[in-house]
Novice: 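Please see the structure below; I have some questions.
By convention in this document, chain letters (A, B, ...) are assigned in the order of the sequence lines, proteins followed by strands, and residues within each chain are numbered from 1. Reckoned from all heavy atoms, side chains included, excluding hydrogens, waters and symmetry mates.
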There are 2 protein chains.
Amino acid sequence: MSEPDGGTVGKAMTVLDQVANFGRPVRFSELLKDSDFPKATLFRLVQTLTQQRLLTYDNQAQTYLPGLRLVQLAHAAWAQSSLATVAAPYLDELAHKFGEAVHLAQLENGQVLFIDKRQSVYRFDTLAQTGQVAPAYCTGVGKAILAFMAPMERDHALRQQAFVGYTPTTHGAPDSLLQELDAIRASGVAYDREEHERGIISIAAPIMSDDTNVLGAVSIATSTSRHTIESLDRFEAVLRSTAAQIGSAARVWRAPMPANPSYGNSGGENS
Amino acid sequence: MSEPDGGTVGKAMTVLDQVANFGRPVRFSELLKDSDFPKATLFRLVQTLTQQRLLTYDNQAQTYLPGLRLVQLAHAAWAQSSLATVAAPYLDELAHKFGEAVHLAQLENGQVLFIDKRQSVYRFDTLAQTGQVAPAYCTGVGKAILAFMAPMERDHALRQQAFVGYTPTTHGAPDSLLQELDAIRASGVAYDREEHERGIISIAAPIMSDDTNVLGAVSIATSTSRHTIESLDRFEAVLRSTAAQIGSAARVWRAPMPANPSYGNSGGENS
DNA sequence: TTGACATGTTCCATTATTTGAAACATTGTC
DNA sequence: GACAATGTTTCAAATAATGGAACATGTCAA
């Protein structure tokens, strides 16, 4: 981690993230304490963000909060993300069929981002909510995605994992994870064996846009009070076929657009 | 409104909005055609946004889309917006009790922003989804909020209304709307008489944090095939009491935070 | 009341970033 | 092969961001 910023926009985003991560109304001085920016600079950044309605200022309590404009923008991002809209009916079906929690996730900057979810009829709540992020190395959806990524991208993603031990079963290092990813690639499904949250297990399948391209993953999550890892296999067949259906639906959805067919582009991030 | 921008961040946000409003993958040249920015400037703005993952670049199709980082940020905004989290159980209750669609909205920059919703059991879909925006002057929630705003703020908001005629019953000018707002203030509830969408009607109640401060509004929306404006009154009592409950819940929720009791702050916008 | 302290806001000369016309590069088309 | 369209880079000039320090405001203790 050297300098992910550089431009003014980057600095503004750093501050925005900072406020978002506080998870509660935050004072200017609190931000200042946590920030590398000098007082005057931070002040103007916060002011700019507030003007843009990316932050909200509560002048009763003199605190800042992430602004609602973000919710508005996110709707556009969500609606246009190929997966979310396409997958919705399939998630409904899965949730309805089994009554368990269903999650749809994509990888975003090395982390699992939950794009959509369906609640279990049993109303216990996993942490996951739309828009939330979780580590990739210790979630079912995360491992399902990692397993089917192109080796180069996967390595990049693996280097972003923190390998914090949330529970006794959490992977503590890349080695054991890599081994499991091989197994996942062979079997086609990934399990979360209480690796992130004690008492929560899941089975996840990757969503492929084609043989080599993973878009995201679906999972069925439940609690150890109702299922064991073994009994999750009851869901496997339907889960896999649903993931496959979502994949092809996404492929079709993407098709209308190209205008210039075929391209010989070989990887390469921009800048 | 001449130039809401000025800073670099403002310009970047303009571009981000532009991409979001396209509602589909968009090429650089399309953005350029629609933009006041010179080519090189726009190019660098788009590049910056992409680096920040506020935009996603599909180098297959050479198109830009709003980035998933927005979804992540929006979750923070949503979870911390006093209303959304506080109101959730009440929305559940309303939806369960009547089986009709329930909407929770706030005013954001003169527009109605849907913060949360519950689906009707009848599965007809109104336009509203979380994160979507709608005009204030022709929706139940919008009018409920406008009616209870402080006069100065209301005037400001009214000047932001476009008064487009979506249907025959849409208000075409401020005059008739103002009259209705008086009536709403007197009665405590607002109706949408197919003003935004033909066939969709709703009854809405404001959510007040105290006698003079409106936070948002809740509504029950249905279709003309199941209800008339008159039969919506069946919901009025429960809707009003729910709105009141959400209001006091929000008040309590805000209380825990201060740390330094009492404050003699008298208004004053910043900047 | 007074003074010390913490927090938040503004100034302004300096510095660094952004700007954009024009040149360049790449790809698709006739 | 020349042409057109789209996307990318360059570089001096214009602009915006910077941050140390001064200022303002409110808080608290003596």
Novice: Could you tell me the separation between the CD atom of B:Gln51 and the P atom of C:dT17, rounded to a whole number of Å?
Specialist: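 My rounded result for the distance is 14 Å.
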Novice: Give the rounded distance in Å between these two atoms: CD of B:Gln62 and P of D:dA5.
Specialist: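 So the two atoms are 17 Å apart, to the nearest Å.
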Novice: B:Tyr64 OH to D:dT6 P: how many Å, rounded?
Specialist: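 That distance rounds to 15 Å.
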Novice: When only distance counts, do a donor and an acceptor, one from the side chain of A:Lys39 and one from the base of D:dG19, lie under 3.5 Å apart?
Specialist: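 Under the 3.5 Å cut-off, the side chain and the base do not form any donor-acceptor pair.
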Novice: With the threshold set at 4.0 Å, does a side-chain nitrogen-carboxylate oxygen contact exist between B:Asp36 and B:Lys11?
Specialist: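 Answer for the salt bridge query: no.
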Novice: Taking only the side-chain nitrogens and oxygens of A:Lys11, find out if one of them lies under 4.0 Å from OP1 or OP2 of D:dT18.
Specialist: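 It does, given that an N or O in the side chain of A:Lys11 lies less than 4.0 Å from OP1 or OP2 of D:dT18.
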Novice: With respect to the phosphate group of D:dA17, does any side-chain polar atom (N or O) of A:Thr41 fall under 4.0 Å of OP1 or OP2?
Specialist: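 It does not, given that no N or O in the side chain of A:Thr41 lies less than 4.0 Å from OP1 or OP2 of D:dA17.
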Novice: Report the C-alpha distance between A:Tyr137 and A:Phe163 in whole Å, list the side-chain angles of each, state the deciding distance to 0.1 Å, and finish with yes or no for ring-ring contact (aromatic ring centres under 6.0 Å, His included).
Specialist: CA-CA 7 Å; A:Tyr137 68 95; A:Phe163 292 104; 4.9 Å; yes
Novice: In whole angstroms, how far is the C1' atom of D:dA17 from the CZ atom of A:Phe37?
Specialist: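 Rounding to the nearest Å, CZ of A:Phe37 and C1' of D:dA17 are 11 Å apart.
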Novice: The side chain of A:Ala40 is closest to which nucleotide in this list: C:dT9, C:dG20, C:dC11?
Specialist: C:dC11
Novice: Distance check needed: C:dT17 C1' versus B:Arg44 CZ, whole Å only.
Specialist: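 So the two atoms are 10 Å apart, to the nearest Å.
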Novice: Distance check: side-chain N/O of A:Ser29 vs OP1/OP2 of C:dG8, anything under 4.0 Å?
Specialist: yes
Novice: Using whole Å, report how far CG of A:Asp58 lies from P of C:dG8.
Specialist: 13 Å
Novice: Roughly how far, to the nearest 0.5 Å, is OG1 of A:Thr139 from CD1 of A:Ile145?
Specialist: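 One finds 7.5 Å between CD1 of A:Ile145 and OG1 of A:Thr139.
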Novice: Given atom CG of A:Leu45 and atom P of C:dA16, what is their separation to the nearest angstrom?
Specialist: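 My rounded result for the distance is 17 Å.
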Novice: For A:Phe43 and B:Thr8, take the nucleotide of DNA chain C holding the closest heavy atom to each; which residue's nucleotide lies nearer the 5' end?
Specialist: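 It is A:Phe43 whose nearest nucleotide is closer to the 5' end.
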Novice: Mind telling me whether A:Tyr57 and A:Tyr64 have parallel, tilted or perpendicular rings, with 30° and 60° as the class edges?
Specialist: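 A:Tyr64 vs A:Tyr57 ring planes: tilted.
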Novice: For the pair made of CG in B:Asp36 and C1' in C:dT19, what is the distance, rounded to whole Å?
Specialist: 15 Å
Novice: Kindly say if A:Arg27 contacts the phosphate of C:dT7, meaning a side-chain N or O under 4.0 Å from OP1 or OP2.
Specialist: no
Novice: Once you round to the nearest 0.5 Å, how far does CG of B:Leu65 lie from CD of A:Gln80?
Specialist: 5.0 Å
